[in-house]
Structures are given as C-alpha cells and as structure tokens.
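To start, the structure itself, in structure tokens.
Each chain gets a letter, A, B and so on, in the order the sequences are listed, and its residues count up from 1. None of these values were measured; they are calculated from a predicted model.
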2 protein chains.
Amino acid sequence: MLRYKLYKTVYAGYNQIMSLLKQKILKVSTDLFQSRGINSTGVDTIVAVAGTTKMTLYKYFTSKEELVLAVLQQSHQEFQNWMNDKLNALSGKPDEKIQKLFEFIEEWVSSPYFTGVTFIKASAEFPNEENRIHQLSSQQSREFRQFISKLAHEAAIKDADGLALQLSILFEGAVQAEQIKRGSGAIKSAKKAAKTLIDLALKQS
Amino acid sequence: MLRYKLYKTVYAGYNQIMSLLKQKILKVSTDLFQSRGINSTGVDTIVAVAGTTKMTLYKYFTSKEELVLAVLQQSHQEFQNWMNDKLNALSGKPDEKIQKLFEFIEEWVSSPYFTGVTFIKASAEFPNEENRIHQLSSQQSREFRQFISKLAHEAAIKDADGLALQLSILFEGAVQAEQIKRGSGAIKSAKKAAKTLIDLALKQS
DNA sequence: CTAAAAATATACTAACCTGTATAGTATCGG
DNA sequence: CCGATACTATACAGGTTAGTATATTTTTAG
C-alpha cells in the first residue's frame, strides 16, 4: 500500500514534505476547531475522526498547543497563496487589485478552501496577550493588514495604512458576523462598503 | 452588617432586586470571561475571585450555562441603556443620532462600563448554532443591528437596513480588532469609515 | 527475507471540570 | 431569644482532559 508514502502538498510555495497522516490530522483539526471551537475539541476526538491514535498525533505535534499553531499557520498560508494567485492573474491598472480584493474574498468564502478564519476564532478563545496562540493570531491579522496596505500603495492611495485598517476591520467584522449568523449577507455588505471606502480614498489621492 | 441587604441596581430599567453576592458573581464572571475566555474560566476560579463559594453560586445560577446567559444579558442590557441615555440626550436634527453613534461607541469603549462585547466572544467560543449561548449571542447581534436600522430610518435613510448591516460589521470588526491587538486604533478607524458610509447613504436618500 | 521505522491498541496518570452532599456558622425578622 | 434564611467550609462523585508507557502489528527499504 501507498498509505505511508510521502508526497508534496498541492499548495504553491508549500512544498514541504509531510506525511499523509500529519496532513489528515491538520485538516481534521482545522475543521473541528472551526465547527466546535478549539478548547472544546479534545485530542481524543481529533484522532478518532482522523482515524489514528494519540501516539501518532504526539509524534508529529509535541503538544496540543503546537498543533493549534500549525493549524493557524497552514490555514493562513493557504489563504495567502490562494489570494496571491488570484491577484497575480490580474493584469490591469495599478488599482485593480485592491478594487477586486473583496470580490475574491467573497469567492474564497464560498470556495471549498474556506474553513473559516482561524486567527479570528483563536484570538477570541485565547485572549491573553502572552499566549503563543494569541500572539500568532495577532501577527497574522497584522500581516493581512499590511498585505492590504501594499495593495493600497500600489494603487497610489495616499493614506494607504488608514484604508488598510478600515478594510481589515470590514473583513474581520464580516467574517465575525457570518460566524454568528450564517447567510447574513455580511460579506456582500462588506464588499459594498469596501467599494465606497476605496473610491473615496482614490479620489483623495 | 449590611452585607446581605437587598438593594436596587443602579442601571435604569434594571430595577430588579438582586443580592449583592449575585451581582458580585456576575461582575467577576464578566471580567474573567473577557480576560481569560469563557471555557477557560472555571466556577472555582469565579467563586474564589468573588470571595464566595460554589454553594452560593449554584443557589443563584442553576448551572454554568445559566450564569453565562445571565452575563450576556446583563452586559447587553447595560450597553443598550447607556447608549439610549446618550442618544436621548440629543435634541437636534433627525440624523444627529446616527451621526453620533460611533462617537458614543468610542466613548463607551474607553468608559469603565466597558467589559468587552460579550456576544462576540461568546459566539466564537460556542459556534454550534443549536447551543443556547450561541443563540442568545446571535439574537443580541441582531438586536443591535435593528437598533442601528431604527436610527437610520429616523434619519430618513432609504436603505436603512443596508446601512445598518454595514455599520454593525464595522462595529464587530473594530471590537474584534481591538481584542486581537489593544490600542490598534480600530475604533477610531471604524468611526471614520462609518462617517463615510453614513454621508453617502444620506446623500442617496 | 530481514531489520528498521511507522503506526496501532490499550491502559494509565494526574490534573481539572461541573455539580452535589453534608455539616456548620452568621445574620436576619419578629 | 428563636426560627428561618443566607452563607461558608469541605469533601467528594463522576466526567473529561492532555499527555505517557508499554507492547504489538504493519509497512517500508535494502
């Protein structure tokens, strides 16, 4: 059987070699953390759903905290890669990327790649700023904001950081609202608000 | 000693009679849930900080779930009362209330009444839609959105519900961002974005 | 085929959790 | 002073949790 063969992951820029079981554990954990919460998901549940045992899990991850950090990192990486691919496929004017950002976010939320925004949930469950999980969440939130700021700069927007903060707030709020009530139309609403804010910022630049 | 005397709570519209200890338990729970998370705060910790015992806690609240629900309700009620008082003190034009909404939100966040937005945290920790805590969080989020919609209606805004959804996303996103990183300036940024969105909505009405 | 490596099965520890049982103390109204 | 009520103190039951120890089976590589 090929069950334990190693292979490369499909996501661009993520060509680390990772065993199938490790990937399965990560995927199952991502799903369970999203649907039940991190603290409410025990490692026993994870290994049961992943079809393996705790011994194997603790071989790949030295602790549950380490597993949570790995889930956060993979989830963030996948989103960044997906979004970069989408934006790099654009060829138009310098402001096209930021104009299309929320359209891609909407597409991503309805795509099979979407498993929630892990850093939002994680920061809520681990509010202590000295906690490593909180720190990583905070860092990822900041990275995403800087990513938007870069797009704003490329679009020659004067207050790029200011717009980026506004748009990241819209993003986090929309995801939050969707998690409170699915199908609330929050993403569509945020997309519209983003267009208003971007148009004004462009006009002022 | 007056320790066991009953008295009325100070918040307008909340003149239920509640023992001092019950109030203390509620307040301590609110603070601990906010700073450590709900699932990570045990009843033993709550009674220790409140200076009482589990027997007393379970006399006032039949379960931890009931306590969490009570915390959510009180927290939401206090915010609504505080905000209503602020808005009712205004006497100006019909669009003054919605114009000043985010200014009051900013003021409230820095006031001693602020203990975080409980329904945002609770919905993240209890994502299951059949969970009573999640349901109450969802209801409170909806109530706040309807509250904004009412203000938009009074300001004669055509798409009042649409604007209300946008503003509630800004609100939840800003609070979320502040919880991820304190002092991020998210509230100020959301206030500015809200002004842009409100101005456009007024112009279109 | 063989030896190493990978994964499983199972039982266990030690800590923590919610909720209860039991008994004793303090404070109140009358 | 007395009975009722509010509260405390303490121990414990029953469950779940993260993580480990030990032994066995499966798979891989050479």
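- A close approach under 4.0 Å does not occur between any side-chain nitrogen or oxygen of Lys54(A) and OP1 or OP2 of dG19(D).
- Close to dA6(D), at under 4.0 Å from its OP1 or OP2, lies no side-chain N or O of Tyr60(B).
- Rounded to an integer number of Å, the gap from Leu20(A) CG to dT8(C) C1' is 17 Å.
- For the pair Ser19(A) and dA6(C), the criterion of a side-chain N or O lying under 4.0 Å from OP1 or OP2 is not met.
- With rounding to whole Å, Ile25(B) atom CD1 is found 14 Å from dA6(D) atom P.
- One interatomic measurement links the two molecules: CG of Leu57(A) to P of dT20(D), which rounds to 11 Å at whole-angstrom precision.
- The list of ring pair (Phe, Tyr, Trp, His ring centres under 6.0 Å) pairs with a residue in residues 114-135 of chain B, not counting sequence neighbours, reads Trp108(B)-Phe114(B).
- Atom CD in Glu66(B) sits roughly 14 Å away from atom C1' in dG19(C) (whole-Å rounding).
- The backbone N or O of Thr52(A) sits nowhere less than 3.5 Å from a side-chain atom of Thr56(A) that would complete a donor-acceptor pair.
- Counting to the nearest Å, the C1' atom of dC16(C) and the NZ atom of Lys64(B) are 12 Å from each other.
- Only Thr41(A), Gly42(A), Val43(A), listed by number, bring a heavy atom of residues 39-49 of chain A to less than 4.0 angstrom from any atom of DNA chain D.
- Nearest nucleotide to the side chain of Tyr58(B), out of dG19(C), dT8(C), dT8(D): dG19(C).
- Side-chain polar atoms of Glu143(A) and Gln139(A) form a donor-acceptor pair below 3.5 angstrom.
- Nearest-nucleotide positions on DNA chain D place Ile38(A) closer to the 5' end than the other of Met55(A) and Ile38(A).
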Please evaluate residues Glu129(B) and Ser138(B) with respect to the criterion side chain to side chain donor-acceptor pair (under 3.5 Å), reporting the C-alpha separation (whole Å), side-chain torsions for both, the decisive distance (0.1 Å), and the verdict. CA-CA 9 Å; Glu129(B) 296 204 350; Ser138(B) 179; over 6 Å; no
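- Nearest to the side-chain atoms of Thr53(B) among the listed nucleotides dA9(D), dA21(D), dA7(C) stands dA9(D).
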Where do Glu172(B) and Ser141(B) land on the side chain to side chain donor-acceptor pair (under 3.5 Å) test, with the steps shown first? CA-CA 9 Å; Glu172(B) 290 181 21; Ser141(B) 167; 3.0 Å; yes
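- Rounded to 10 degrees, the angle separating the terminal axes of the helix from dC1(C)-dG30(D) to dG30(C)-dC1(D) is 30°, with each axis obtained from five end pairs.
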Run the side chain to side chain donor-acceptor pair (under 3.5 Å) test on Thr30(B) and Gln74(B) for me, step by step, so that the C-alpha distance in whole Å, both residues' side-chain angles and the decisive distance to 0.1 Å come before the verdict. CA-CA 9 Å; Thr30(B) 306; Gln74(B) 173 173 286; 4.8 Å; no
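- The interatomic distance linking Glu65(A) (CD) with dT17(D) (C1') rounds to 16 Å, in whole Å.
- Minimum atom distance to the side chain of Lys59(B) is reached by dC7(D), of the listed dA18(D), dC7(D), dA7(C).
- If you check dG19(D), dT10(D), dG19(C) against the side chain of Ser63(B), the one that comes closest is dG19(C).
- Sorted by first and then second residue, the ring pair (Phe, Tyr, Trp, His ring centres under 6.0 Å) pairs involving residues 165-199 of chain B (not counting sequence neighbours) are Phe144(B)-Phe171(B).
- A sub-4.0 Å separation between OP1 or OP2 of dA6(C) and a side-chain N or O of Thr56(A) is absent.
- Figure legend: cation-pi geometry between Lys22(A) and Phe61(A), with NZ or CZ positioned under 6.0 Å from the six-membered ring centre and within 45° of its axis.
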Show me the donor-acceptor pairs within less than 3.5 Å that the side chains of residues 161-169 of chain A make with the rest of the protein, sequence neighbours left out.
residue: Asp161(A); atom: OD1; partner: Ser149(A); partner atom: OG; Å: 2.6
residue: Ser168(A); atom: OG; partner: Ala164(A); partner atom: O; Å: 3.4
residue: Ser168(A); atom: OG; partner: Leu165(A); partner atom: O; Å: 2.9

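- For the salt bridge (Lys or Arg N to Asp or Glu O under 4.0 Å) condition, the pairs that include at least one residue of residues 37-57 of chain B, sequence neighbours left out, are Asp44(B)-Lys54(B).
- Gln23(A) places its CD atom 12 Å from the P atom of dA7(C), with the value rounded to the nearest Å.
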